[in-house]
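So the structure is just underneath, and the comments pick up after that.
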Amino acid sequence: MNILGNSRSNNNIINKANSSDFKDFAREVGNSPKNYFSDTNWTEMLRNSSIRAISQIGFSNSAFTKALRAAVFIVALFGCGYRIYGFLMIYFQYPVLFNLKIGQRPYAHFPSVTVCNLNRMKSQYEFCLYNEKILFCDTKFSKYTWAIELPERRNYFSCSNKLNENQFNKSKDKMEFFKKYFELDAKDKYEFGHKALQMVESCSFSGTQCKHHESSSSSYYGNCFTFNNIDSQNKIMIARSTGPFGGLEFIFNIEPREYASITQAIGMRIDIHGQRDLPFPGENGITILPGYETDISLSEIITSRLPKPFKDECISYVSKQSQSMCLGVCLQKYNYAKCGCVEPLFPEIEHRKICNITKVSDVCCLDSVLEDLTQGADCNCPSPCLSTHFSKQISMAIWPSQNSFFKGNQNASFEDLKLYRSSHAKVRIYYKTFERKIFEQKPMFHPSELFSYLGGECALWLGLSLTAFFELVELLFYLGNTIICKICMPVFKRHI
């Protein structure tokens with residue numbers, strides 16, 4: 001094979017063209033006994049090629065056959081390139097497949113359970129918001145708030161609302177309540193809300209009493225209490241049997257007589273979440289009604305995602321962080337950039353002015369930011385790489401029954417039963433099955449498949465192996481080199 005030799009000869013000629021002796025170079029090319037670009041030289045090179053399609057062109061006797069085989073080879077070359085280009089476009093989008101795994105376990109770690117009252121603040125403290133001079137109020141106002149839920153104020157007062165005078169006055173009172181409440185010190189928020197000792201009358205897990213809980217605060221529900229938290233002092237609960245008697249059981253005193261005037265519904269809110277996850281009762285919670293026993297059966301679902309460069313670009317959030325928290329902080333940054341203040345119902349950014357939600361200009365500005373973000377915003381808050389979700393089935397029954405209530409309270413009346421049902425609720429949370437579903441993302445293509453596909457396409461269209469592929473590259477380089485010199489040759493001769 002003379003491809004390398006011929007290539008070197010052409011390179012020597014081109015180097016001479018760059019020298020000062022231009023005329024000698026031109027005469028050498030024009031008068032050389034060996035024409036570097038002759039048809040004979042090309043035919044010899046094609047015949048010696050290890051690529052069969054190219055060698056057949058060289059061995060063809062007629063010009064028509066050569067042209068036909070060359071055309072077929074060019075079409076195959078473009079077809080191979082088109083197929084490879086299409087594959088690379090898909091490959092570098094890093095598509096994924098979901099793989100479902102179902103595993104059975106002899107036991108399961110019980111999830112964390114966060115309970116909140118639908119009433120954020122007891123009625124006896126409501127007037128403390130407007131008269132902090134009362135002794136037992138001892139109110140301390142600050143600019144602290146912890147919240148994730150979408151702004152509740154939009155239900156009563158937003159820039160797009162068109163209210164009559166009566167509705168406006170009612171909304172104005174509620175907005176004044178919100179304004180005062182969100183300026184409360186965190187300690188006062190806790191003191192003004194429902195306490196776990198009064199609200200949770202009974203808590204047991206598999207027949208064993210549970211006590212320890214972790215307190216948190218929600219802008220919408222006030223005090224919330226998380227049981228079986230990973231940071232708690234007690235051991236993590238482990239369910240060793242399925243069904244109602246192998247799980248967590250609560251009896252709640254909802255305290256409806258303590259409800260503030262702004263609260264419209266009576267009940268509890270329960271969020272069942274992973275032990276390392278933050279509770280979001282507003283987004284994920286279940287409402288518990290008084291006078292009923294609510295059974296919640298669980299099955300665990302785990303989703304595993306892939307990080308960059310794959311489509312979801314997931315990240316692993318640190319403890320007590322989440323995608324929702326990230327979005328809340330991002331929204332606050334947009335609020336501050338456009339309005340010069342931040343939403344009081346979202347996570348607070350330090351040293352930022354809180355918007356006055358009774359001021360029309362501030363409310364309209366906050367609403368416009370929310371509307372802009374619905375069109376898309378670059379918040380860079382990807383999904384978590386590992387998330388745990390609990391599928392829930394809910395059933396309800398009237399509780400307690402007359403016989404069970406009067407058995408322990410023989411002096412009680414039907415009015416007592418009615419009063420008890422209006423203020424108490426029972427909840428049982430348990431695993432329906434220990435079977436766990438795992439949705440796992442897998443790359444659609446591994447790096448080894450890239451080379452496999454390229455090799456397959458080259459073999460199908462061109463009959464190339466890896467070594468033959470480099471020979472084709474060399475041949476195309478030589479062809480380009482020859483064409484350039486053929487074009488340049490008349491120019492050289494005119495300057496002799």
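Residue numbers run from 1 in the order of the sequence given.
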**Prompt:** Should we say atom NZ of Lys338 is surrounded by more than 12 heavy atoms from elsewhere, each under 6.0 Å from it?
**Reply:** yes

**Message:** Within the 3.5 Å criterion, strictly below it, is a donor on Tyr336 or Gln332 matched to an acceptor on the partner's side chain?
**Reply:** no

**Request:** Please check if any side-chain donor atom of Thr114 sits under 3.5 Å from a side-chain acceptor atom of His273, or the reverse.
**Result:** yes

**Item:** Under 3.5 Å: donor-acceptor pair, side chain of Asn335, backbone of Gly340
**Value:** no

**Whether Phe445 and Phe87 hold their rings parallel, tilted or perpendicular, with breakpoints at 30° and 60°** = perpendicular

**Message:** Among residues at least two apart in sequence or on other chains, which ones pass ring-ring contact (aromatic ring centres under 6.0 Å, His included) with Phe110?
**Reply:** Phe205, Tyr431

**Prompt:** So which heavy atom on Ser422 is nearest to which on Pro256, and how close?
**Reply:** O-CG, 3.7 Å

**Asked** Just wondering, do Phe310 and Pro443 contact through their side chains at under 4.5 Å, heavy atoms?
**Response** yes

**Message:** Using the ring-ring contact (aromatic ring centres under 6.0 Å, His included) definition, which of the options Phe192, Tyr181, Tyr259 pairs with Tyr125?
**Reply:** Phe192

**Message:** Between Asn409 (side chain only) and Asn411 (backbone N and O only), is there a donor and an acceptor less than 3.5 Å apart?
**Reply:** no

**Asked** Between Tyr420 and Trp399, does the ring centroid distance fall short of 6.0 Å?
**Response** yes

**Asked** Under 6.0 Å from the CZ atom of Arg105, do we count more than 12 heavy atoms belonging to anything else shown?
**Response** yes

**Message:** I'd like to know if the side chain of Gln275 pairs up with that of Asn229 as donor and acceptor (distance under 3.5 Å, no hydrogens or angles considered).
**Reply:** no

**CA sep, side-chain torsions, deciding dist, call: Leu118, Met268, side-chain contact (heavy atoms from CB on, under 4.5 Å)** = CA-CA 5 Å; Leu118 294 183; Met268 300 289 295; 5.9 Å; no

**Request:** Inspect the contact between Glu440 and Lys442 and indicate whether a charged nitrogen and a carboxylate oxygen are less than 4.0 angstrom apart.
**Result:** yes

**Request:** Kindly give the heavy-atom pair with the smallest separation between Pro290 and Ile254, and that separation in Å.
**Result:** CB-CD1, 3.5 Å

**Message:** Tell me every residue that passes ring-ring contact (aromatic ring centres under 6.0 Å, His included) with Tyr430, counting only those two or more places apart in sequence or in another chain.
**Reply:** none

**Item:** Side-chain H-bond candidate by donor/acceptor type, Glu435 with Ser299, under 3.5 Å
**Value:** no

**Asked** Within the distance-only criterion (no hydrogens, no angle test), does the side chain of Arg436 pair as donor or acceptor with the backbone N or O of Ile102 below 3.5 angstrom?
**Response** no

**Prompt:** What is the distance from atom CD1 of Ile270 to atom CG of Asn284, rounded to the nearest 0.5 Å?
**Reply:** 13.5 Å

**Request:** Report the C-alpha distance between Tyr292 and Ile398 in whole Å, list the side-chain angles of each, state the deciding distance to 0.1 Å, and finish with yes or no for side-chain contact (heavy atoms from CB on, under 4.5 Å).
**Result:** CA-CA 4 Å; Tyr292 289 89; Ile398 295 175; 3.9 Å; yes

**Request:** Output, in order, the C-alpha distance, side-chain angles, deciding distance and verdict of salt bridge (Lys or Arg N to Asp or Glu O under 4.0 Å) for Glu313 and Lys311.
**Result:** CA-CA 6 Å; Glu313 299 184 350; Lys311 185 176 180 181; over 6 Å; no

**Message:** Test side-chain contact (heavy atoms from CB on, under 4.5 Å) on Ser395 and Glu293; report intermediate values, then the result.
**Reply:** CA-CA 8 Å; Ser395 57; Glu293 176 183 285; over 6 Å; no

**Prompt:** Any sub-3.5 Å donor-acceptor pair from Arg305's side-chain atoms to Pro384's backbone N or O?
**Reply:** yes

**Prompt:** Hey, what do you get for OG1 (Thr294) to CZ (Phe252), rounding to the nearest 0.5 Å?
**Reply:** 9.5 Å

**Request:** Looking only at non-hydrogen atoms, find the nearest pair between Pro111 and Leu298 and report the distance.
**Result:** CG-CD1, 3.8 Å

**Message:** If we ignore hydrogens and angles and just use 3.5 Å, is the side chain of Ser112 paired with the main-chain N or O of Asn228 as donor and acceptor?
**Reply:** yes

**Message:** Is the ring pair His213/Phe227 parallel, tilted or perpendicular, if the boundaries are 30 and 60 degrees?
**Reply:** tilted

**Check: Ser215 and Tyr190 side chains under 4.5 Å, non-hydrogen atoms** = yes

**Request:** Tell me, with the steps shown, if Val329 and Leu331 meet side-chain contact (heavy atoms from CB on, under 4.5 Å).
**Result:** CA-CA 5 Å; Val329 172; Leu331 178 58; over 6 Å; no

**Request:** Would you confirm whether the ring centroid of Phe434 sits within less than 6.0 angstrom of the ring centroid of Tyr107?
**Result:** no

**Message:** Does this structure show an ion pair linking Glu300 with Lys437, if we count only N-O contacts that are shorter than 4.0 Å?
**Reply:** no

**Prompt:** Is there a donor-acceptor pair closer than 3.5 Å between any side-chain N or O of Asp271 and the backbone N or O of Phe280?
**Reply:** yes

**Fill in**
Test disulfide (SG to SG under 2.5 Å), reference Cys355, set Cys365, Cys339, Cys341, output is Cys341

**Prompt:** Is Ser304 close to Phe98 at the side-chain level, that is, under 4.5 Å between some pair of heavy atoms?
**Reply:** no

**Request:** Measure the spacing between CD1 of Ile84 and SG of Cys458 and express it to the nearest 0.5 Å.
**Result:** 4.0 Å

**Prompt:** Regarding Ser413 and Asp416, is there a side-chain donor-to-acceptor distance under 3.5 Å anywhere?
**Reply:** yes

**Prompt:** How about Ile296 and Ile286: do any of their side-chain heavy atoms sit closer than 4.5 Å?
**Reply:** yes

**Request:** Give the minimum heavy-atom separation between Arg120 and Gly222, together with the two atoms involved.
**Result:** CB-N, 3.5 Å

**Prompt:** Tyr94 and Pro309: which non-hydrogen atoms are nearest, and at how many Å?
**Reply:** CD1-O, 3.4 Å

**Request:** May I ask you to decide if Lys195's main-chain N or O and Asn223's side chain share a donor-acceptor pair within less than 3.5 Å?
**Result:** no

**Prompt:** With a 4.5 Å heavy-atom cut-off, do Glu214 and Phe225 have their side chains touching?
**Reply:** no

**Prompt:** Backbone N or O of Cys314 within a donor-acceptor pair of the Asp312 side chain at under 3.5 Å?
**Reply:** no

**Message:** Looking at Thr208 and Ser204, would you say the former's side chain and the latter's main chain have a donor-acceptor pair under 3.5 Å?
**Reply:** no

**Close side-chain approach of Tyr317 and Ser322, heavy atoms under 4.5 Å** = no

**Message:** Tell me if a side-chain donor or acceptor on Gln441 pairs with a main-chain N or O of Leu306 at a distance below 3.5 Å.
**Reply:** yes

**Request:** First locate atom OG of Ser324, then atom CG of Leu278, and finally report the distance between them rounded to the nearest 0.5 Å.
**Result:** 9.0 Å

**Item:** Closest non-hydrogen atom pair between Met121 and Glu126, with its separation
**Value:** CE-CA, 3.3 Å

**Request:** For Glu258 and His194, test the side chains for any donor-to-acceptor distance below 3.5 angstrom and give the result as yes or no.
**Result:** no

**Message:** Would Lys426 and Phe250 count as a cation-pi pair here, with the cationic atom under 6.0 angstrom from the ring centre and within 45° of the axis?
**Reply:** no

**Message:** Using a 6.0 Å cut-off, check whether atom CZ of Arg421 has over 12 heavy atoms from anything other than its own residue.
**Reply:** yes

**Asked** Do Cys381 and Cys326 have their SG atoms under 2.5 angstrom apart?
**Response** yes

